[in-house]
2 protein chains.
Amino acid sequence: MRPEPLDAESIVSATEEVLRRHGPEKATVLDVARLLGVSHGSVYRHFPSKAALREAVIRRWLDEVEALATAARGDDSAPPERLRRLLTTVFAAKWAKAKDDPELFATFQKLVAGYSTVCSAHTAFVLEQIRAIVADGIDEGEFAAGEPETLARAVLDATCRFHDPLYAADWRATAELEAQAEAVVSLVLHGLCAR
Amino acid sequence: MRPEPLDAESIVSATEEVLRRHGPEKATVLDVARLLGVSHGSVYRHFPSKAALREAVIRRWLDEVEALATAARGDDSAPPERLRRLLTTVFAAKWAKAKDDPELFATFQKLVAGYSTVCSAHTAFVLEQIRAIVADGIDEGEFAAGEPETLARAVLDATCRFHDPLYAADWRATAELEAQAEAVVSLVLHGLCAR
DNA sequence: GAAATGACAGATAACAATAATTGTCATTCA
DNA sequence: TGAATGACAATTATTGTTATCTGTCATTTC
């Protein structure tokens with residue numbers, strides 16, 4: 001029995017803690033219940049499955065990333081600058097997580113590999129952010145004419161090496177990585193711009 | 001005892017056959033020796049290890065891919081056209097192998113994951129082909145000025161979703177994939193071109 | 001005597017038996 | 001009465017055992 005009533009938020013926090021300590025391979029629902037001082041049945045009252053628990057943890061982190069991305073965008077500058085900031089912010093958030101919180105990042109990687117809706121929703125979010133900026137750029141005449149959906153998808157695809165967790169193993173040497181990301185982003189922005 | 005003397009080439013062919021039948025997880029050196037009708041010790045006379053055997057199989061396939069790429073390049077056309085042909089030829093070769101020869105492709109994926117020199121040499125080859133075309137394009141004034149090495153690397157990175165075996169799981173829907181590859185290649189070519 | 005063999009030690013994989021975890025739900029508690 | 005529990009069946013992981021494979025090398029074969 002615990003003093004305060006059990007709520008979803010504290011279960012998510014406990015899950016995060018357990019994942020960080022044991023990693024996605026070893027972390028169990030029983031570990032989470034133990035940390036909270038409740039039975040595992042109580043955890044299942046708030047979450048339908050172990051997978052849902054992990055998705056909630058990752059969704060919370062992705063919410064932060066998306067908030068960061070929205071903030072970094074800054075609607076005052078020109079589309080190329082906005083797109084560059086959006087991309088580099090998303091890259092940096094992923095790189096930092098992979099480096100500083102490897103177990104949670106590994107959890108994220110597993111969810112992506114398992115086609116979790118949380119992850120595809122995040123991709124859809126980033127894609128939509130790119131699309132909006134591209135559409136703005138085309139309207140303002142800075143970017144060449146084209147279908148914003150197709151172009152946004154091309155921008156996302158062209159930069160996958162820097163944001164897709166599938167490539168996290170290559171995110172070791174930060175200086176080199178930054179230079180390579182910069183080269184691709186510049187190439188893509190140049191490709192978008194009207195001449 | 002077999003009629004003809006045992007040579008490296010037939011060992012590679014037998015290994016290819018065994019890999020195709022059993023897949024990289026199950027294929028053993030003993031299987032190869034059995035298929036050849038020799039003892040596994042004889043195989044080790046020609047190849048130092050199981051890994052070397054698999055590398056030889058993949059190297060033989062990559063040699064074909066590289067020959068295809070060289071042929072498709074065609075030195076008569078303009079750099080943008082040449083680069084497009086080089087890229088689409090390499091993409092198509094990988095897509096076809098993944099689809100039509102999945103066990104050998106899985107072997108390739110394992111080698112890539114294991115940082116095999118055979119695979120990094122192939123990457124170096126493609127990178128150099130791109131670099132040469134980019135350098136030509138800059139010389140001819142079709143491409144904007146820049147460091148050919150950096151630009152070539154950016155082109156390779158920007159197209160990784162279409163040639164890196166890490167992404168093979170996404171190579172299912174061919175029509176969609178071709179359209180996405182086309183969008184990225186066009187964006188990249190537009191990015192390279194001088195204005 | 002060059003090529004092939006097969007016995008061998010160490011490493012790896014397959015297997016079966018056992019233990020732990022997941023998810024459900026009738027019961028208990030406050 | 002609504003939240004929490006823990007017994008339970010089904011699934012999944014772990015362990016210890018056995019079998020197979022890898023790579024070497026002294027011996028054999030032609």
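In what follows, chains carry the letters A, B, and so on, assigned in the order in which the sequence lines appear, proteins first and then strands, with residues in each chain numbered from 1.
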Quiz prompt | Candidate nucleotides D:dT22, C:dA4, D:dT5, ranked by approach to the side chain of B:Leu6 - the nearest | solution = C:dA4

Practice problem: Determine whether more than 12 heavy atoms belonging to other residues, nucleotides or ligands lie under 6.0 Å from atom CD of A:Glu128. | Solution: yes

Quiz item: Atom CD of A:Glu25 and atom P of C:dT21: how far apart are they, to the nearest Å?
Solution: 15 Å

Quiz prompt | Full working for salt bridge (Lys or Arg N to Asp or Glu O under 4.0 Å) between A:Glu103 and A:Arg21 | solution = CA-CA 8 Å; A:Glu103 301 293 13; A:Arg21 283 220 285 259; over 6 Å; no

Quiz item: Is there a donor and acceptor pair, one atom on the side chain of B:His40 and one on the base of D:dG23, closer than 3.5 Å?
Solution: yes

Quiz prompt | Phosphate-side-chain proximity, B:Lys26 and C:dA13, N/O vs OP1/OP2 below 4.0 Å | solution = no

Quiz item: Once you round it to whole Å, what is the distance between C1' of C:dA2 and NE2 of B:His46?
Solution: 11 Å

Quiz prompt | Shortest side-chain distance from A:Leu30, nucleotide among C:dT22, D:dT22, C:dG23 | solution = C:dT22

Practice problem: Choose from D:dA4, D:dT14, C:dA4 the nucleotide whose nearest atom is closest to any side-chain atom of B:Arg45. | Solution: C:dA4

Exercise. Begin from the C-alpha positions of A:Asp63 and A:Arg60 and carry the test salt bridge (Lys or Arg N to Asp or Glu O under 4.0 Å) through to its verdict.
Key: CA-CA 5 Å; A:Asp63 282 347; A:Arg60 204 161 73 170; over 6 Å; no

Quiz item: If you find the nucleotide of DNA chain D closest to A:Gly41 and the one closest to B:Lys50, which residue's nucleotide is nearer the 5' end?
Solution: A:Gly41

Exercise. Can you tell me the distance, in whole Å, between the CG atom of B:Asp31 and the P atom of D:dC21?
Key: 7 Å

Quiz item: Between A:Phe47 (CZ) and C:dG23 (P), how many Å, whole number?
Solution: 13 Å

Exercise. Kindly say if B:Ser42 contacts the phosphate of C:dT5, meaning a side-chain N or O under 4.0 Å from OP1 or OP2.
Key: yes

Quiz item: To the side chain of A:Thr28, which of C:dA4, D:dT22, C:dT21 is closest?
Solution: C:dT21

Quiz item: Any chance the side chains of A:Ser186 and A:Arg84 put a donor and an acceptor closer than 3.5 Å?
Solution: yes

Practice problem: Tell me which nucleotide among C:dT5, C:dA4, D:dT5 gets nearest to the side chain of B:Val38. | Solution: C:dT5

Quiz item: Roughly, in whole Å, what's the span from OH in A:Tyr44 to P in D:dG6?
Solution: 16 Å

Exercise. Taking the side chain as every heavy atom from C-beta outward, state whether A:Thr70 and A:Phe125 have any atom pair closer than 4.5 Å.
Key: yes

Exercise. Take atom NE2 of B:His22 and atom P of D:dT20, then tell me their distance rounded to the nearest Å.
Key: 15 Å

Exercise. Look at the side chain of B:Arg34 and decide which nucleotide, out of C:dT22, D:dC21, D:dG23, has an atom nearest to it.
Key: D:dC21

Self-check item: Interatomic distance, A:Ile11 CD1 vs D:dA3 P [rounded to whole Å]
Solution: 12 Å

